[in-house]
Amino acid sequence: MDAEVFQSLKNLCQGVAPLAELFQSDPSRNQWLTVDACGIHADFSRQRINKSLYEALVHSVDIVDVQGSFRKMMAGDIMNVTEDRAVGHMALRAPAQSSPMAQQASGQLERGKALANAIRSGAVCGATGKQFATVINIGIGGSDLGPAMVTRALRTFANGPVVKFVSNIDAADLDEALHGAQPETTLFVVSSKTFTTLETMHNAERARRWVGASVPNWSQHFVAATSHAEAALNWGIQKDHCLEFFDWVGGRFSLSSVIGFPVMCAIGGDQFSEFLAGMSEMDHHVMNAPTASNFPVMHALIWWMNSALHSFSTVAVIPYSHDLARLPAYLQQLVMESNGKSVGVDGRSLLGGSSPVVWGEAGTNGQHAFFQMLHQGTQIVPVEFVTTGASLGSDDEAHDLLFANVIAQSEALAAGRTHSEPHKVFEGNRPSSVLVLDELSPRSLGSLIAMYEHSTAIQGWLMGVNSFDQWGVELGKILAVNAATSIASGALQDEQTMTHPLLNWYISIRKKLSRNQ
Ligand code: F6P
C-alpha cells in the first residue's frame, strides 16, 4: 500500500464519530458490520468505523490483492520469499486430489490418524504389551501451542488416553508431566519441524532415559511429528512411528498437519477430520465470499485499522469459554511471530507499524483483574470477546450468566457512563468485537482457527510484511548456546558482553544453590 492511500485511510479514521453517535446515525450498522459464516456469528459493530472508512478499507484489500495472494498460496507459489518456500497450510485440509501438496499431506494425515486410532484401541501398545494410558507431547511454539489449545478446547470430546504437553526447558515442566505417569504405559510424541530445537531435544532425551530405565525397547514409546524425518530416524524413532510434514508448512501454521497428532490421540481420527473440515470450510469462505462480507477479511481490516490507523498498540482476546482458555497464548505466536516485524517484504520500514501486542485471559476471571484498566485506563485496548452460543458445561444458567457478562462488558466499553463524580465516569467509545461459535465443536473450532490464520496473513499483506518467516527468533537462540557453553566451561564467550557480570554471578552461585549436587 502506498503512503498516499495509507494517509487517506488515516484521515478517514480521524473523522469517525464516537460510537454512540454512529449507532444513532446509522441503524443499519448491525447488518453491514455483522457476519455469519461457518457456524460463527461475528459482531464488529462496536468498532470505531463508519461506512466510508469501511468502504475505503475494503478497497485497500483489493489494492493489496488479497484474493490473488490466497490463489498463489493454493498454487504453491513461493510466498515466503525470505526463506524461499511455498506456504501450503491450506493444502493440508484440501481434498487430496486437488494438488500434489494436498496429496502429500493427506497421505501423512491418514498415517497419523491410523496410528492414533491404533494407540487408542490398544492395537499398538507399549514394549511390555500394556495399552498406552498417557500421551506426552514434547514440542514448543507451533509444535505445542496449537495442539495444546485444541486438546483443551475439545476436552468434552476426549475419549482416549490422557494427553499432556511439555514445552519448557525448565525441568519442572517435564517433572510435572511425569508425575503419576508410568513408563510402561506412556507414549511420547516428539513434535518438532526441524528436530533440532534445543528445548524439545533436551526434554526428549530426558524422556528417552526415563522410559529406557524401565522398558526394554524405548523406541516403541516414541512417535515423531517432523519435517526432518532423517534426523528423527537417526535419533531412534521407528520408521512406522515417524509422521512427516513439509518445509512448506510454517510452525505456527502447522496445526492441521501431523502436528495435530496429540489431538488425534485425544479425540480420535474421525473427530480430527471434522476439525480439518471446519478449517477447509473457512478456506472456501475466504476465497469465495465477497470482500465486504468476508469474515477473515473483515476481521483483518478491524485489527489492522486498530493498530496501524488508530495506533492502539495492543489487543485483548478474552475467551468467555473456560475450554478456550489457551486461545490467547496460541494467538500470541500466530499473530506476533507472523507480523512482529520492522520492515516490509521490500526491506523498507513499515508505514503503520507492525503487529499489535496480543494478550488475554479467560472471562469472566479477567473482569476481576484487568478490566478496570480497559474501562477507565488512559490507554485504549480493543477487546475481542470469543464465546459460544451453546453451553458445554452442566449448568445452562451459568452459561446464560457468562453470555450476559459478554454483553455487559461490550456495552459498558462502547457506551460508557456519565457521572457527577469523576472517578465514577466511564468515557466509553472503547472498541470491541464479539465472536460467537454456535457450539464449541471440532468443526467450529477448526473454522475459528482457520479464520485467525487467514486474518493474520491478510494483516501481513496490508502491512507489507512477510508473515511466514521468523528471523527475529534467531539471535536469542545463538546467544543462548553461547551462554550455555560459558556456563558449562566457566569461560565466558565474547558475545555476551553486556551480560558478563550477570553470567559470572550465575556461574559462581549455581553449584551452591543447586538441589542436585
Ligand atoms: O520460535 C521459533 C520457532 O522456529 C517457531 O517458529 C516454531 O514453531 C518453534 O520454534 C518450534 O520449532 P520446531 O517445531 O522446529 O521445534
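In listed order, ligands and their atoms are each counted from 1. Heads up: numbering here begins at 1 and tracks the sequence.
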Distance-only criterion, 3.5 Å: show the donor-acceptor pairs between side-chain atoms of residues 220-227 and protein atoms not counting sequence neighbours.
residue : atom : partner : partner atom : Å
Gln220  : OE1  : Gln238  : NE2          : 3.2
Gln220  : NE2  : Cys125  : O            : 2.9
His221  : ND1  : Pro183  : O            : 3.2
His221  : ND1  : Thr186  : O            : 2.9
His221  : NE2  : Ala127  : N            : 3.0
Thr226  : OG1  : Ser192  : O            : 2.7
Thr226  : OG1  : Lys193  : O            : 3.1
Thr226  : OG1  : His228  : N            : 2.9
Ser227  : OG   : Lys193  : O            : 2.9

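- Around the CG atom of Asp270, the shell of radius 6.0 Å holds no more than 12 heavy atoms that belong to other residues, nucleotides or ligands.
- You'll find the ring centres of Trp218 and Phe188 outside the 6.0 Å limit.
- Note on residues 95-108: pairs passing side-chain hydrogen bond (donor to acceptor under 3.5 Å, both in side chains), not counting sequence neighbours, are Gln108-Arg111.
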message = salt bridge (Lys or Arg N to Asp or Glu O under 4.0 Å), that's the test. Do Arg206 and Asp175 meet it? Break it down for me.
response = CA-CA 10 Å; Arg206 211 184 123 204; Asp175 288 347; 2.4 Å; yes
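- Sorted by first and then second residue, the side-chain hydrogen bond (donor to acceptor under 3.5 Å, both in side chains) pairs with a member in residues 464-480 read Asn80-Asn466, Thr82-Asn466, Thr82-Asp469, Thr82-Trp471, Glu83-Gln470, Arg252-Gln470, Asn339-Ser467, Lys341-Asp469, Asn466-Asp469, Asp469-Trp471; sequence neighbours excluded.
- Ligand 1 is surrounded by Ile140, Gly141, Gly142, Ser143, Ser192, Lys193, Thr194, Thr197, Gly251, Gln333, Glu337, Gln470, Val473, Lys477, each with at least one heavy atom closer than 4.0 Å.
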